[in-house]
Amino acid sequence: MRPYRNRNAGWRGRRRPCRLTGALLGRRKQSNAQRGSQDLWRGSMASRHRKAIRDGRAPAGPINEDIRMAREFIYHMKGLTKTYTGGKKVLENVNLSFYPDAKIGVLGINGSGKSTLLKIMAGIDTEYTGDGWVAQGARVGYLPQEPQLDPNKSVRENVMEGVAEKQALLDRYNELAMNYSEETADEMTALQDKIEAQNLWELDSKVDQAMEALGCPSDEQPVATLSGGERRRIALCRLLLWEPELLLLDEPTNHLDAETVNWLEGHLKTYPGAILIVTHDRYFLDNVTGWILELDRGRGIPYEGNYSAWLVQKQKRLEQEGREDMARQRAIAREQEWIAASPKARQSKSKARITRYDELVAKQNNKVDASAQIVIPIDERLGNNVIEFQHLNKAFGDRLLIEDLSFKLPPGGIVGVIGPNGAGKTTLFKMITGLEKPDGGEISIGETVKLGYVDQSRDALDPNATVWQEVSGGNDIIYFNKREINSRAYCAAFAFKGGDQQKKVGTLSGGERNRVHLARTLKGGANVLLLDEPTNDLDMETLRALEDALEDYAGCAVIISHDRWFLNRIATHILAFEGDSHVEWFEGNFSDYEEDKKRRLGSDSIIPKKLKYKKFSR
C-alpha cells in the first residue's frame with residue numbers, strides 16, 4: 001500500500017452540499033435531430049405539453065418519461081416572483097428550466113436583478129413567491145461579488161476547503177497506512193480504489209496549479225491582509241476545486257488580468273456542470289456561453305448563442321417591438337459594425353483617431369444634447385504636448401515596479417494599461433496626478449492638460465443623496481465651457497431616467513454606483529481622463545455608451561482595464577506591465593499587443609504566472 005504525505009496533516013473539514021429553494025433556466029445546445037420538435041424559447045406543442053404535465057394541467061403519460069424529464073434538468077423555476085421593498089417587481093412570474101451542462105450568460109441593465117437571481121438560486125435570498133428547486137443530489141456553488149473567507153485560516157487553508165472531502169479520503173488512507181492491520185485492509189483497499197479513480201495522489205499538485213493560474217497570494221499569507229481582488233481569486237479557486245454540479249458566478253473576471261481570464265475561459269468551456277455567469281466581459285461571454293438570459297422589466301428572456309449572436313437577435317427584437325429608443329438601437333448597430341470589421345480595419349480606425357484629432361474637436365463642439373447618449377465634454381483643446389515619460393523608475397519598498405519607462409502620449413490617444421494586480425498600474429496614475437513621485441526620470445504634463453481621475457473607490461458618494469443631487473449638485477443646468485446641458489438630461493444619458501434619478505445612492509447596486517461616479521467625474525470638462533477599471537459592474541448598455549463616448553471624446557484617456565473587448569474597441573496604445581520591472585509601450589489595441597508579445601517572448605508568455613520584480617537599490 002502507498003502512504004500519502006499530507007502537507008496539511010491534521011486539518012479537517014467538509015463542505016455541506018448546498019440545497020436550494022431558488023431557480024433559473026438554461027438549455028444545452030442540441031443538434032436538429034436531438035432537438036426534434038422542441039421549441040427552446042416558448043415551447044412547441046410537444047414541449048408545451050411536457051410543461052403542462054409538470055404543471056399538473058395534463059395527464060402525466062408514461063412514468064418513465066416523467067422520470068427522464070426530472071433527471072434531464074438540473075434547475076427549475078415555476079412562477080417565481082421577486083419584489084423589492086417599495087413594490088418594484090424585479091422578477092415576475094418566471095418559468096424556466098435548464099440542462100446540467102448549460103453555459104448561460106445573464107445580461108440586463110444595472111438594477112434588473114442579475115445578482116438577486118443568483119442569490120435566490122444559491123438559497124441566500126428566500127424572500128420571493130413561486131417555486132425554485134435544484135435537482136436531487138446536485139451541489140450548487142456561488143461566487144458573490146464580495147466573497148467571505150475564514151479570517152482565522154491562511155490562504156491555502158481557505159483554498160483547501162474546496163477539496164475537503166477529497167482530502168479526507170487521503171487523510172484516512174494515510175492514517176490506515178501508518179497503522180496497518182488485517183482488520184483495516186479491506187477499507188484501505190477500497191480507499192485506494194477511490195483515490196486512484198479520482199487521481200487524488202496529485203491533489204496537492206492540482207491545488208498548486210489552480211492557485212498559480214488564478215494568481216492567488218502565497219500559501220501562508222493571513223487572509224486579513226488581503227485586498228478585495230485577492231479575496232475573490234481565493235474564493236474562485238476554492239469554488240472551482242470543489243467542482244459543484246451548478247456554478248453561479250457573479251462578475252468572476254473582476255480584478256483578473258487578461259492572462260488569468262484566458263485560463264478561466266478555457267477551464268469553464270470544458271467544465272462538466274452547468275454554469276450561470278453574470279459578467280460585463282463580452283469576450284468571456286462569446287467564448288464560454290452557449291445561451292444568454294436577458295432580464296428585462298421582470299421577464300427572463302432566453303436567446304440561443306453567445307454574446308455576438310445575442311446582439312443580432314436583440315436588435316431584431318427591438319425593431320419588432322417598435323421601440324422609440326433609437327439611441328439604444330444605434331449603439332447596438334455600432335457595436336455590430338465593429339464586430340463585423342476585419343482586424344486590419346479595426347487597427348486602421350484606431351490609428352485614424354490620432355490623425356483626425358482636429359475633426360474630433362469640431363465634432364465635440366457641434367454635438368447636440370438631445371440624444372440619450374453619454375457625452376464627455378472638454379473645457380480646453382489639447383496642445384501637442386500631453387503626457388511624456390522619460391526614463392522613469394519607480395519602486396515600492398525593495399521592489400522595482402517600473403524600470404526605464406519612456407513614452408509620449410499623442411493628442412487623441414487612448415491608452416489601455418494592463419497587468420496583474422499589484423504590478424504598479426494605480427501607482428502610475430498617482431505619479432501622473434502628482435500624488436507620488438518617481439524614484440528616477442521625469443514626467444512632463446502639457447500646459448493645456450486638465451486631468452480628470454475616476455478611481456475604483458465609490459466611498460466619496462453620499463448615500464443619503466439622490467442620484468440627481470449627487471450628479472448635478474442640485475443645479476438644474478450643468479455648464480460645459482460655452483455650452484449648457486439640462487442636468488436631468490445629463491443623468492438620463494447615464495441610464496438614470498424618470499424616477500431612477502430620485503433613488504437614494506445608498507440603495508443602488510454596484511453598477512449603478514459606478515454610473516453615478518462616472519457621471520459626476522466626467523462632467524468636469526477634463527481633456528485627459530485617468531480611468532481606473534471604469535467598466536467594473538457596468539451593464540452592457542452603459543458599456544456601449546461609454547465606448548461610443550470615448551470614441552468621440554476630443555481628448556486623451558489613460559485607462560486601467562482588463563476588459564479585452566473594451567480595449568480592442570477604443571485603445572490606440574497599450575501600456576503593459578509584463579514582469580521583471582518591464583513596462584511595454586505598444587501602438588495598437590489589445591489583440592495586436594498580444595500577437596506582438598507572443599512574437600517577442602514566445603507563445604507561453606500569455607500563460608498566467610506570478611509576477612516577478614527586480615530588486616531596487618537606492
> Judged by atom type as modelled, is there a donor-acceptor pair below 3.5 Å linking the side chain of Asn287 to the main-chain atoms of Tyr283?
Replying inline: yes

>> With a 3.5 Å distance limit and no angle check, can you tell me whether Lys114 reaches the backbone of Gly108 through a side-chain donor-acceptor pair?
In response: yes

> Are the aromatic rings of Phe284 and Trp565 close, with centres under 6.0 Å apart?
Replying inline: no

> Cut-off 3.5 Å, side chains only: do Glu584 and His582 have a donor facing an acceptor?
Replying inline: yes

> Can you say whether the rings of Tyr99 and Phe73 are parallel (under 30°), tilted (30 to 60°) or perpendicular (over 60°)?
Replying inline: tilted

>> So, taking the atom named CG in Leu428 and the one named CD in Glu436, what distance separates them when rounded to the nearest 0.5 Å?
In response: 10.5 Å

>> With rounding to the nearest 0.5 angstrom, report the CG to OG1 distance, Leu508 to Thr466.
In response: 10.0 Å

>> Main chain of Lys430, side chain of Thr433: is a donor-acceptor contact present, judged purely on distance under 3.5 Å?
In response: yes

> Is the number of heavy atoms from other residues, nucleotides or ligands under 6.0 Å of Lys503 NZ greater than 12?
Replying inline: yes

>> Regarding Asn110 and Arg515, do their side chains bring together a donor and an acceptor under 3.5 Å, going by distance alone?
In response: yes

>> Treating Asn568 as the side-chain partner and Phe590 as the backbone partner, does any N or O pair qualify as donor plus acceptor under 3.5 Å?
In response: yes

>> Within the supplied structure, the quantity of interest is the number of heavy atoms (other residues, nucleotides, ligands) at a distance under 6.0 Å from Lys119 NZ; does it exceed 12?
In response: no

> Distance from Leu247 atom CG to Leu240 atom CG, nearest 0.5 Å?
Replying inline: 6.5 Å

> Would a distance-only check, ignoring hydrogens and angles, find a side-chain to backbone donor-acceptor pair under 3.5 Å from Lys504 to Asn464?
Replying inline: yes

>> To the closest 0.5 Å, what do you measure between CH2 (Trp291) and NZ (Lys103)?
In response: 13.5 Å

> For the side chain to side chain contact (heavy atoms under 4.5 Å, CB included) test, which of Leu530, Val417, Leu550, Leu529 pairs with Ile559?
Replying inline: Leu550

> Backbone N or O of Leu256 within a donor-acceptor pair of the Thr260 side chain at under 3.5 Å?
Replying inline: no

>> Quick one: does any side-chain atom of Arg238 pair with a main-chain N or O of Leu149 as donor and acceptor, under 3.5 Å?
In response: no

>> To the closest 0.5 Å, what do you measure between CG (Leu538) and CG (Leu543)?
In response: 5.0 Å

> Judged by atom type as modelled, is there a donor-acceptor pair below 3.5 Å linking the side chain of Asp286 to the main-chain atoms of Tyr307?
Replying inline: yes

>> Using 0.5 Å steps for rounding, measure from the CD atom of Glu202 to the CD1 atom of Ile195.
In response: 12.0 Å

